[in-house]
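Written below as structure tokens is the structure these notes are about.
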Amino acid sequence: MSNTKPSIPKGMRDFTSEVMFRRNYIFETVKSAFECYGYAPIETPAMENVKTLTGKYGDEGDRLIFKVLNSGDYLSKANLDENTDSKSLTKQIVEKALRFDLTVPFARFVVQNRNDITFPFKRYQMQNVWRADRPQKGRYREFYQCDADVIGTESLICEVELVQLYDDVFTKLNIPNVDICINNRKVLSGMVELMGATDLFDQIVITLDKLDKIGIDKVKEEMESNGVKKEALSILDTFLNTKNVGDLFSLLENSLIGKKGLEELKFVIDNVTKLGLQSANLVFDITLARGLNYYTGCILEVKANDVQIGSIGGGGRYDDLTSNFGLKDVSGVGVSFGIDRIYLVMEELALFPDNIDVSTKVMFANFGDDEAAFCLPLLKQLRAAGISSELYPTSTKMKKQMTYANNKGVQFVIMVGEDEMESGILSIKNMESGEQR
RNA sequence: GUGAUUGUAGCUCAGCUGGUUAGAGCACUGGUUUGUGGUACCGGGGGUCGUGGGUUCGAGUCCCAUCAGUCACCCCA
């Protein structure tokens with residue numbers, strides 16, 4: 001057999017222990033916040049049926065779904081003729097796909113288990129998802145999402161709580177200068193309605209989302225080339241120049257859906273303002289749109305302003321996701337934490353506490369079989385007391401054992417040799433100070 | 001799908017306008033110290049220079065192709 005160079009697929013990663021200690025620190029923080037707000041854990045499988053996933057994320061999203069080839073002689077069951085192309089072939093030889101996010105599988109879960117669930121249902125989920133994207137900074141083909149969703153209620157109190165939840169987590173993680181951007185898809189619908197371009201909604205909204213990146217002129221250019229009329233663009237201008245939510249009411253007076261969206265927006269903002277946030281800022285941003293097109297109401301996106309990276313979290317309300325699976329009129333709302341990006345932000349700003357990567361507190365040096373046997377009961381006692389400890393497995397040179405302890409960040413090394421066994425008094429060395437007794 | 005950029009030891013890189021046995025630091029390992037790490041000193045192993053072709057007396061260095069990584073656009077966490 002030939003030696004293959006060890007490698008892993010594009011956009012996927014190994015995590016070393018050092019990295020895992022830090023990742024777990026983030027996971028734990030998020031998890032305890034979720035539980036503190038009354039969310040309960042669930043998990044769903046890595047793969048879903050392709051049909052469950054397709055059509056929920058837009059055309060672009062569908063292309064980025066990782067599909068899993070059927071097992072066995074799949075080609076013999078396929079129908080091949082001269083019209084067969086990749087797309088029609090894929091349909092015949094693929095029936096499973098890796099999950100693309102946690103929200104759609106969750107909607108499926110809710111419908112499938114509806115008889116066992118008490119509504120409103122609050123769950124959290126922290127699992128990996130896969131996207132066949134081109135990797136770059138803060139963007140991988142396998143990454144983790146931590147989602148909290150509540151489904152089965154239209155109450156806007158949920159939105160208010162989710163904003164607080166974001167604030168709680170980022171405050172606990174000590175990430176400064178966090179903006180929680182908020183908008184409402186209904187407000188955008190109202191605006192597009194006034195522009196007389198309802199059929200171009202998706203296009204307009206995607207273009208609008210780029211405003212802070214490419215500037216107003218380019219946005220208008222792109223919209224015009226997509227068929228938006230000049231008059232419509234001046235309406236857009238009025239909206240963009242209105243910073244205050246209250247002032248939008250007069251603009252959207254004639255749009256039923258727009259007014260509804262504004263009322264929702266106002267409720268959330270007012271209540272959050274009343275309760276106050278610890279460290280994050282709630283920012284109304286009319287240009288916030290979000291690509292995933294299952295959102296229907298309030299939408300949220302979180303940015304860490306001190307680091308150049310995409311959003312570190314996002315979410316919103318979806319009114320109709322479960323109807324795809326045959327359960328109508330169930331509204332849900334949720335948020336997602338992008339923990340890989342949060343990791344990068346914390347790394348860049350050096351926000352990780354330095355005492356989170358210690359595993360073994362006490363190590364027994366190994367001087368030989370008899371000495372090792374003497375240590376084992378002591379080890380048992382330490383462990384029973386909840387002190388993480390280990391015995392170096394072989395009696396190699398002291399230098400090597402000490403180096404091992406040092407690199408692993410062990411705090412104390414206990415020497416048990418002949419003298420100690422006889423006297424019963426052990427030598428303990430503090431690895432930090434070098435002191436020994 | 002589009003564009004830019006990089007590929008030399010396990011890791012981070014140096015290698016000038018092509019010139020003989022390809023270097024450093026870190027890591028690993030042996031010793032100074034037969035029971036002591038993190039600091040010191042001495043030694044050792046490890047590379048067909050991403051791959052394939054071409055130019056040349058001679059290619060890590062120049063040209064072409066190909067593969068892989070990284071970054072940006074699209075889109076997104």
Side-chain angles (χ1 to χ4, degrees), chain A residues 5-13 16 26 30 57-65 99-103 126-147 202-203 205-207 209-210 213-214 218 222 288-293 295 300-304 307-316 334-345 363-368 371 392 395-421 426-437:
Chain A
K5 269 188 198 163
S7 68
I8 49 178
K10 188 203 284 279
M12 309 203 169
R13 298 160 292 164
T16 60
I26 302 175
V30 173
Y57 308 106
D59 292 343
E60 183 72 19
D62 280 358
R63 273 197 287 130
L64 300 179
I65 294 172
R99 69 168 98 84
F100 185 85
D101 71 355
L102 300 178
T103 307
M126 311 205 290
Q127 292 187 274
N128 42 355
V129 302
W130 292 266
R131 296 184 187 177
D133 225 351
R134 280 276 185 85
Q136 52 187 273
K137 189 183 178 191
R139 169 184 265 196
Y140 308 97
R141 288 187 153 188
E142 181 185 26
F143 61 98
Y144 278 75
Q145 290 193 331
C146 303
D147 281 28
D202 287 354
Q203 270 307 321
V205 139
I206 286 173
T207 308
D209 203 39
K210 298 181 204 165
K213 254 187 193 165
I214 62 178
K218 283 263 168 74
E222 197 172 316
L288 176 66
R290 312 241 340 121
L292 271 38
N293 56 16
Y295 292 117
L300 295 166
E301 195 161 297
V302 185
K303 288 175 196 154
V307 178
Q308 268 246 318
I309 198 164
S311 58
I312 54 177
V335 292
S336 178
F337 289 80
I339 92 117
D340 298 272
R341 285 188 178 176
I342 293 173
Y343 181 96
L344 288 174
V345 168
M363 187 190 93
F364 287 91
N366 191 326
F367 288 91
E371 291 86 343
Y392 195 86
S395 60
T396 51
K397 278 191 282 275
M398 242 338 87
K399 181 167 170 155
K400 190 167 181 184
Q401 299 193 31
M402 293 304 282
T403 306
Y404 172 85
N406 189 53
N407 289 347
K408 204 168 169 179
V410 172
Q411 287 169 21
F412 299 98
V413 171
I414 300 185
M415 317 278 173
V416 183
E418 276 177 42
D419 296 351
E420 285 85 357
M421 278 166 69
L426 311 181
S427 308
I428 297 184
K429 181 175 174 117
N430 182 327
M431 290 299 280
E432 224 169 293
S433 62
E435 172 188 11
Q436 186 168 337
R437 52 184 157 173

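So that the names make sense, note that chain A is the first sequence line, chain B the second, and so on, each numbered from 1. Since this is a predicted model, take the numbers as computed values, not measurements.
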| When rounded to the nearest 0.5 angstrom, what distance separates OG in A/S336 from CD in A/E301? | 11.0 Å

| If you measure from the P atom in B/C28 to the same atom in B/G37, how many Å do you get, rounded? | 14 Å

| Where is the tightest heavy-atom contact between A/L426 and A/E420, given as atom of each residue plus distance? | CA-CG, 3.9 Å

| note | Of the candidates B/C75, B/G37, B/C71, the side chain of A/L64 sits closest to B/C75

| note | Under a 3.5 Å limit on both distances, the Watson-Crick or wobble mate of B/U34 is none

| query | Roughly how far apart, to the nearest Å, are B/U48 and B/G44 at atom C1'? | reply | 23 Å

| said: Counting only Watson-Crick pairs (N1-N3 plus N6-O4 or O6-N4) and G-U wobbles (N1-O2, O6-N3), all under 3.5 Å, who is the partner of B/G46? | reply: none

| request: With heavy atoms under 4.0 Å as the rule, sort A/R63 into base, sugar-phosphate or nothing. | output: nothing

| task | Considering only atom P, compute the distance from B/G7 to B/C62 and round it to an integer number of Å. | result | 10 Å

| query | Of the nucleotides B/G35, B/G69, B/C76, which has the atom closest to the A/S427 side chain? | reply | B/G35

| said: With a 4.0 Å limit, can you tell me whether A/Q136 has a side-chain N or O closer than that to the phosphate oxygens OP1/OP2 of B/U70? | reply: no

| note | Tested for side chain to side chain donor-acceptor pair (under 3.5 Å) against A/Y57, the lone hit among A/D62, A/T103, A/D101 is A/D101

| query | Pick the nucleotide of RNA chain B nearest each of A/E301 and A/P9; which residue has the one closer to the 5' end? | reply | A/P9

| said: Tell me whether A/N128 contacts the main-chain N or O of A/E142 through its side chain, where contact means a donor paired with an acceptor under 3.5 Å. | reply: no

| query | Taking the same atom, C1', in B/A65 and in B/C75, what whole-Å distance lies between them? | reply | 31 Å

| task | Take the protein atom CD1 of A/I414 and the nucleotide atom P of B/U36, then report the distance between them rounded to whole Å. | result | 18 Å

| task | Would you say whether A/Y404 stacks on B/G37? The test is a distance between ring centres of less than 5.5 Å and an angle between planes of less than 30°. | result | no

| Between the side chain of A/Q401 and the main-chain N/O of A/N366, is any donor-acceptor distance below 3.5 Å? | yes

| said: Roughly how many Å apart are B/C49 and B/G60, using the C1' atom of each and rounding to a whole number? | reply: 5 Å

| message | Nearest whole Å is fine: how far is B/G37 P from A/Y392 OH? | response | 14 Å

| said: Suppose we call a contact any N or O donor and acceptor under 3.5 Å apart; does that hold for the side chain of A/N406 and the base of B/G37? | reply: yes

| task | First locate atom CG of A/N406, then atom CE of A/M363, and finally report the distance between them rounded to the nearest 0.5 Å. | result | 10.5 Å

| message | For a quick check of understanding: with a heavy-atom distance under 4.0 Å over all strands, which category does A/F337 fall into, base, sugar-phosphate or nothing? | response | nothing

| query | Hey, does the side-chain of A/E418 have a donor or acceptor N/O within less than 3.5 Å of a partner on the base of B/G35? | reply | no

| field | Sugar-phosphate only, base, or nothing, as touched by A/K303 at under 4.0 Å among non-hydrogen atoms | value | nothing

| query | When all nucleic acid strands are considered with a 4.0 Å heavy-atom cut-off, which category describes A/S336: base, sugar-phosphate, or nothing? | reply | nothing

| query | Would you say the base of B/C71 and the side-chain of A/R139 have a donor-acceptor pair closer than 3.5 Å? | reply | no

| With a non-hydrogen cut-off below 4.0 angstrom, is A/D340 in contact with a base, only sugar-phosphate, or nothing? | nothing

| request: Verify, without hydrogens or angle tests, whether A/R13 (side chain) and A/I8 (backbone) share a donor-acceptor contact under 3.5 angstrom. | output: no

| task | Assign A/G138 to base, sugar-phosphate, or nothing according to its heavy-atom contacts below 4.0 angstrom with the strands shown. | result | base

| request: Can you tell me the pairing partner of B/C71 across any strand shown, Watson-Crick or G-U wobble, with both distances under 3.5 angstrom? | output: B/G3

| query | Looking at the side chain of A/K210, which of B/G35, B/C74, B/G37 is the nearest nucleotide? | reply | B/C74

| query | When the P atoms of B/C67 and B/U55 are considered, how many whole Å apart are they? | reply | 23 Å

| If pairing requires Watson-Crick or G-U wobble contacts with both distances under 3.5 Å, which nucleotide is the partner of B/U21? | none

| query | Looking at B/G3, B/U36, B/C76, which one has an atom nearest to any side-chain atom of A/R131? | reply | B/C76

| field | side-chain contact (heavy atoms from CB on, under 4.5 Å) involving A/K399 - partner list, sequence neighbours excluded | value | A/T403

| field | Proximal nucleotide (of B/A77, B/U36, B/U2) relative to the A/M398 side chain | value | B/U36

| request: If B/C62 has a Watson-Crick or G-U wobble mate with both distances under 3.5 Å, name it; if not, just say none. | output: B/G54

| message | Between B/A72 and B/C16, how many Å separate the two C1' atoms, rounded to a whole number? | response | 32 Å

| query | In Watson-Crick or G-U wobble terms, both distances under 3.5 Å, what is the partner of B/C26? | reply | B/G10

| query | Just checking A/Q401: base, sugar-phosphate only, or nothing, at a heavy-atom cut-off of under 4.0 Å? | reply | nothing

| message | With heavy-atom distances below 4.5 Å as the criterion, would you say the side chains of A/M126 and A/F337 are in contact? | response | no

| task | Could you work out the separation of B/C26 and B/G38 based on their P atoms and round it to a whole Å? | result | 13 Å

Can you pull every protein N or O that's under 3.5 Å from an N or O on nucleotides 28-31 of chain B?
residue: B/G31; atom: OP2; partner: A/K397; partner atom: NZ; Å: 3.2

| remark: Walking RNA chain B from its 5' end, the first of A/K429 and A/S311 to be reached, judged by nearest nucleotide, is A/K429

| request: Would you name the heavy atoms of A/R141 and A/A132 that are closest together and state the gap between them? | output: NH2-O, 3.8 Å

| message | Under 4.0 Å, counting only non-hydrogen atoms across every strand here, what does A/E420 touch: a base, just sugar-phosphate, or nothing? | response | base

